[in-house]
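One structure below.
To find a chain, count down the sequence lines: A is the first, B the second, and so on, and within it residues start at 1. Quick caveat, the model's predicted, so the values are computed rather than measured.
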There are 2 protein chains.
Amino acid sequence: MKCLTDSTEERIKEAAKMVFLEKGFDGTTTRDIAQAAGINSALMNYYFRSKEKLFQSIFNDVCTLMFKGMLELINQPISLRDKISKLMDHQFQMMMQNPNLTIFIMNELRLNPERLYGTIGMAKQVPESIFHQQIEDAIAQGIITPIDSHHILTMIIANIQFLFVSKPMTMLAQGLDEAGFNAFATRHMEYVKDMICEYLFKPEPVT
Amino acid sequence: MKCLTDSTEERIKEAAKMVFLEKGFDGTTTRDIAQAAGINSALMNYYFRSKEKLFQSIFNDVCTLMFKGMLELINQPISLRDKISKLMDHQFQMMMQNPNLTIFIMNELRLNPERLYGTIGMAKQVPESIFHQQIEDAIAQGIITPIDSHHILTMIIANIQFLFVSKPMTMLAQGLDEAGFNAFATRHMEYVKDMICEYLFKPEPVT
DNA sequence: AGAAAATTTAATCAATTGATCAAAACGCTT
DNA sequence: AAGCGTTTTGATCAATTGATTAAATTTTCT
């Protein structure tokens, strides 16, 4: 499907990632993957022992794609305002490139929570980072409203991610095409950026 | 599974709703449903012609459960502040009772968008309601920040719904049990209520 | 009660599923 | 070219899937 220089194993993973993301684990057959990869259906079992093992490999990759960039941003030594803005920008770009990344992860996780074992460490790192301390400091200095960092992170994530989780619904309800949705999403991101920052950074610290 | 006075058809629907919501369409077998309903597996085909037809029936019910209450609230002649608060409360209660209602709907819709045909009318009503006019009026009067009502509705929905969409992830990342999650969610709702209202209803209309 | 209709059951169907196997094709070293 | 390990192929397996059928049972109506 992509460049022909890829090894067979890599071609299988690429195809599997595509098909799994589109149809989910239960909706995907091993023959779907073989066809998408242009390989014999026995090769999937040759390189990865089973559909489940292949899925775990893909799922770890996808979770890493999801969290790695976020984690890096979260630990950057930049101002809170910048960090929040960049976190939201990063999610937005990531989701524009792969709109069903989040709903895929969340749904597979719901169907089978133990599947996060491979990436659970990464997920746990997110809340326990520099970000947390940064928030605490800002609160102590009276710069932002006193809220636990978990809630702030949830706000940052929810207001971007749900846009894409509900993309089909939004398009149907508002009668939008792809371009229309993108415009809506772009506008929305600016609004929620403002909303979150205005909520956290109160205009007048009443001293 | 519930009261034995229910008709067979109703027992099938109840069981199917439970199983479909838990496992999704692809992850559910007709025998799963039969077992959950305590009936012979041929009865599903007797009352509903196929798994697909049964699912459509369930999916319509579930979408109605999702949208009906929201629509009623949206069209109530109450103040914007009250309406926003009540809309969020309603979602919150609905999701506490059925935590995977939204992710189920969104994911099935993503896998098969034409499945909303049965409820598309309802989904389209949401944005084109009294709510829209109410927002426009409030903007014209300088009461709230000028934003299209679609964006406001998205904020109201996203900040509650994503909590539950990401429930397994949140529990794992923060190491919460059921009670811990509920406490987190309850706190979060108050925060986002404040956030949205503070963003919309600016403190000083600079006249 | 007794016939007719509706419901329920057990058995079974064809198709699809994930997975395995032996044989064939390939690539590398000698 | 010969030998050897790796990769690929086509065929096939047992299990499961959604669905159907005819017979058995229950309900309904007269």
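- Taking atom CD of residue B:E52 and atom P of nucleotide D:dT17, one finds them 17 Å apart after rounding to whole Å.
- The nearest whole Å value for the distance from the CG atom in B:D32 to the C1' atom in D:dA19 is 16 Å.
- Nucleotide C:dT16 holds its P atom 18 Å from the CD1 atom of A:I33, rounded to whole Å.
- Side-chain contact check for B:E108 and B:N112: no donor-acceptor pair (N or O, by modelled atom type) lies under 3.5 Å.
- To the nearest angstrom, C1' of D:dT9 lies 14 Å from CZ of A:R31.
- Between A:H151 and B:Y191, the ring-plane angle classifies as perpendicular under the 30° and 60° cut-offs.
- Interatomic distance, A:L43 CG to A:I39 CD1, rounded to the nearest 0.5 Å: 5.0 Å.
- Aromatic ring pairs are classed by plane angle as parallel below 30°, tilted from 30° to 60° and perpendicular above 60°; the pair B:F59 and B:F55 is parallel.
- Relative to the six-membered ring of B:F25, B:R115 meets both conditions, a distance below 6.0 Å and an angle of at most 45° to the axis.
- Note on ring orientation: taking the six-membered ring where Trp is involved, the planes of A:F181 and A:F164 are perpendicular (angle over 60°, cut-offs 30° and 60°).
- Rounded to whole Å, the distance from NZ on B:K23 to P on D:dT16 is 13 Å.
- Within residues 38-50 of chain A, the residues approaching DNA chain D are A:N40, A:A42, A:L43, A:Y46, A:Y47, by heavy-atom distance under 4.0 Å.
- Looking only at atom types and distance, the side chain of A:D61 has no donor-acceptor partner in the side chain of A:T64 under 3.5 Å away.
- With no hydrogens or angles considered, no side-chain donor-acceptor pair links A:E72 and A:Q76 at under 3.5 Å.
- The separation between A:K51 atom NZ and C:dT20 atom C1' is 17 Å, rounded to whole Å.
- Rounding to whole angstrom units, CD1 of residue B:I12 and P of D:dA19 are separated by 13 Å.
- Annotation: cation-pi geometry not satisfied between B:K51 and B:F48 (NZ/CZ under 6.0 angstrom from ring centroid, within 45° of ring axis).
- Rounded to 10 degrees, the angle separating the terminal helix axes of the helix from C:dA1-D:dT30 to C:dT30-D:dA1, each built from five base pairs, is 10°.
- Atom pair B:Q35:CD and D:dG18:C1' shows a separation of 17 Å (rounding to whole Å applied).
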